[in-house]
Amino acid sequence: MNSIWILPASILLDLGFGDPQGFPHPVRLIGKFARFMEKITRKYIFSEKFAGIITSFSVYSISFIFPWVIIEFSRYLHPFLAELTSAFIIYTSIALKDLLDHSKDVYSALHENDLEKARLMVGRIVGRDTANLEEPEIVRAGLESVGESLVDGITAPLFFAALGGPCLAMFYRSINTLDSLFGYKNEIYLKFGWASARMDDLANYIPARLTAPILCISSAILGFYPLRSLKILIRDGKKHPSPNSGLCEAALAGALKIQLGGRNYYSGIPSEKPKLGDPDRKLVPNLILDANRIIFLTSILSSVLFLGLGQVIHLIIGAFFQS
């Protein structure tokens, strides 16, 4: 990005407006196009894995090209309009306000001692069964969702936006969206979703490893437990089946001196997740607010780091082509 103000403006737009209801959000459009392509490729391509690859790269390509066309058309009208359009596109790729608001909804319901409402609220941000969860398990579900969503919902799109602008940010968002649609290890998507899952692991690899240490720094600034955060990150971060998801969850568990992971139920079927951290503190609702503070500061610090990194890379590339 040529203008350093675009990324901060995108974050401010997200904090101000979040995801307005009824707005034709690009991520939802990506999801609809992906489902359309799934029907076409499954119908005409015999190999499930190859059908998944064609679907994935069709969606990735459109998700990169379409924003590029919009920005270039805006540039044709006026250069500043192109910058405003870029800021808007990046804004639609991040979800900081929504993540904080949804977790606050869970906290508010628990604070009001409305367990049924809390189960409903947490059910909106996790995939597990929530109908029978008690307060500690609701808190755990909310914290795990916040920790896992930090990278793919906030810092990874910011990372790609800082390095490659709005088109690369939307390209990343398409990768993450396809993983959420097709990245299931079941009979339907084990082969079809192979490419989507692998691409998501690859795309999140660097952002996750930059974000987790920043979370440790954020916990120090906010007066939590940074050394414990770093210890648990190193000790437990790689226990998660995903190569990336467990890193920030582990760092968050250490920062709050709690234990995440354990048994969840999906459609009534138990699933054991690795335990991250130590159960030094009980899982109480106020931890959700503490986690939100850490997530917010981590997002801001990450954006500053990524913006600086992007500027350095652009200077190096510019100097290389001028030499």
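Quick note: numbers below take in every heavy atom, side chains included, and nothing from hydrogens, waters or symmetry partners.
Few gaps surround CG on L315; more than 12 heavy atoms of other groups in view lie less than 6.0 Å from it. Remark: L227 CG is loosely packed, at most 12 non-hydrogen atoms of other residues, nucleotides or ligands lying under 6.0 Å away. Atom CG of N186 sits in a crowded spot, with more than 12 heavy atoms from other residues, nucleotides or ligands closer than 6.0 Å. Counting non-hydrogen atoms of other residues, nucleotides and ligands closer than 6.0 Å to CD1 of I206 gives a total of 12 or fewer. Applying the 6.0 Å contact sphere to OH of Y266 captures more than 12 heavy atoms from other residues, nucleotides or ligands. K275 NZ: 12 or fewer foreign heavy atoms inside a 6.0 Å radius. In this structure, E272 places its CD atom where more than 12 heavy-atom neighbours from other residues, nucleotides or ligands lie under 6.0 Å away. Counting non-hydrogen atoms of neighbouring residues, nucleotides and ligands closer than 6.0 angstrom, the CZ atom of F33 exceeds 12 such neighbours.
What you find for M37 and T55 is that their closest heavy atoms are O-OG1, 3.6 Å. Between P279 and Q259, the shortest heavy-atom distance links the atoms CD-NE2, 3.5 Å. The two atoms that bring V151 and Y172 nearest to each other are O-OH, 4.3 Å, heavy atoms only. Shown here for L7 and S303, the closest heavy-atom pair between the two residues is CD2-O, 4.0 Å. The shortest non-hydrogen separation linking Y60 to A195 is OH-O, 4.3 Å. Closest non-hydrogen pair, S229 versus A251, comes out as OG-O, 2.7 Å.
Side chain of N204 to main chain of D200: a donor-acceptor pair is present (N/O by atom type, distance under 3.5 Å, no hydrogens or angles). When atom types are taken as modelled, the side chain of S63 and the backbone of V59 share a donor-acceptor pair closer than 3.5 angstrom. Between the side chain of T211 and the backbone N or O of A208 there is no donor-acceptor pair closer than 3.5 Å. A distance-only check finds a donor-acceptor pair linking the side chain of D14 to the backbone of K97 [under 3.5 Å]. A side-chain donor-acceptor contact under 3.5 Å links E144 to the backbone of G261. Judged by distance alone, with hydrogens and angles left aside, the side-chain atoms of S10 form a donor-acceptor pair with the main-chain N or O of A87 at under 3.5 Å.
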* To do: Decide side chain to side chain contact (heavy atoms under 4.5 Å, CB included) for F192 and R42; before the verdict, give the C-alpha distance in whole Å, the side-chain angles of both, and the deciding distance to 0.1 Å.
  => CA-CA 9 Å; F192 186 88; R42 282 187 182 274; 3.4 Å; yes

* Passes side chain to side chain contact (heavy atoms under 4.5 Å, CB included), N286 versus Y107? Steps please. -> CA-CA 7 Å; N286 281 343; Y107 165 78; 3.4 Å; yes

* Take D278 and R235, measure what salt bridge (charged side-chain N to carboxylate O under 4.0 Å, His left out) needs, and give me the verdict at the end. => CA-CA 11 Å; D278 300 314; R235 191 190 77 186; 3.0 Å; yes

* Asked: Step by step, would you call I125 with D105 a side chain to side chain contact (heavy atoms under 4.5 Å, CB included)?
  -> CA-CA 11 Å; I125 57 175; D105 288 341; over 6 Å; no

* To do: Mind running side chain to side chain contact (heavy atoms under 4.5 Å, CB included) on R263 and R128 for me, showing each step along the way?
  => CA-CA 10 Å; R263 177 170 292 185; R128 72 195 66 173; over 6 Å; no

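Taking CZ of R228 as the reference point, atom OG of S219 lies at 11.5 Å (rounded to 0.5 Å). Atom-to-atom distance recorded for I175:CD1 and D152:CG is 12.0 Å, nearest 0.5 angstrom. The CD1 atom of I295 sits 6.5 Å away from the CG atom of L99 when rounded to the nearest 0.5 Å. The distance from atom CG of L190 to atom NZ of K185, rounded to the nearest 0.5 Å, is 8.5 Å. Atom OG1 of T41 and atom CZ of F36 lie 10.0 Å apart (nearest 0.5 Å). Here CG of L120 is found 11.5 Å from CG of L115. Values are rounded to the nearest 0.5 Å.
A salt bridge does not link D179 with R198: every distance from a Lys NZ or Arg NE/NH1/NH2 to an Asp or Glu carboxylate oxygen is 4.0 Å or more. In summary, E134 and R119 engage in a salt bridge, as defined by a charged side-chain N under 4.0 Å from a carboxylate O.
Inspection of the Y189 and E38 side chains reveals an N or O donor paired with an N or O acceptor under 3.5 Å. Checking S302 against T155 by side-chain atom types alone, no donor-acceptor pair falls below 3.5 Å. Inspection of the W194 and E48 side chains reveals no N or O donor paired with an N or O acceptor under 3.5 Å.
Considering only heavy atoms from C-beta on, S149 stays 4.5 Å or farther from I154 through its side chain. Contact of the I258 side chain with the D280 side chain is not registered, since no non-hydrogen atoms from C-beta on lie closer than 4.5 Å.
Every pair passing side-chain hydrogen bond (donor to acceptor under 3.5 Å, both in side chains) that includes a residue from residues 238-252 is listed here, sequence neighbours excluded: R209-N244, D236-K239, S242-S245.
Apart from L247 itself, the hydrophobic cluster it occupies contains L230, L233, I234, where clustering links Ile, Leu, Val, Met, Phe, Trp and Tyr at side-chain heavy-atom distances under 4.5 Å.
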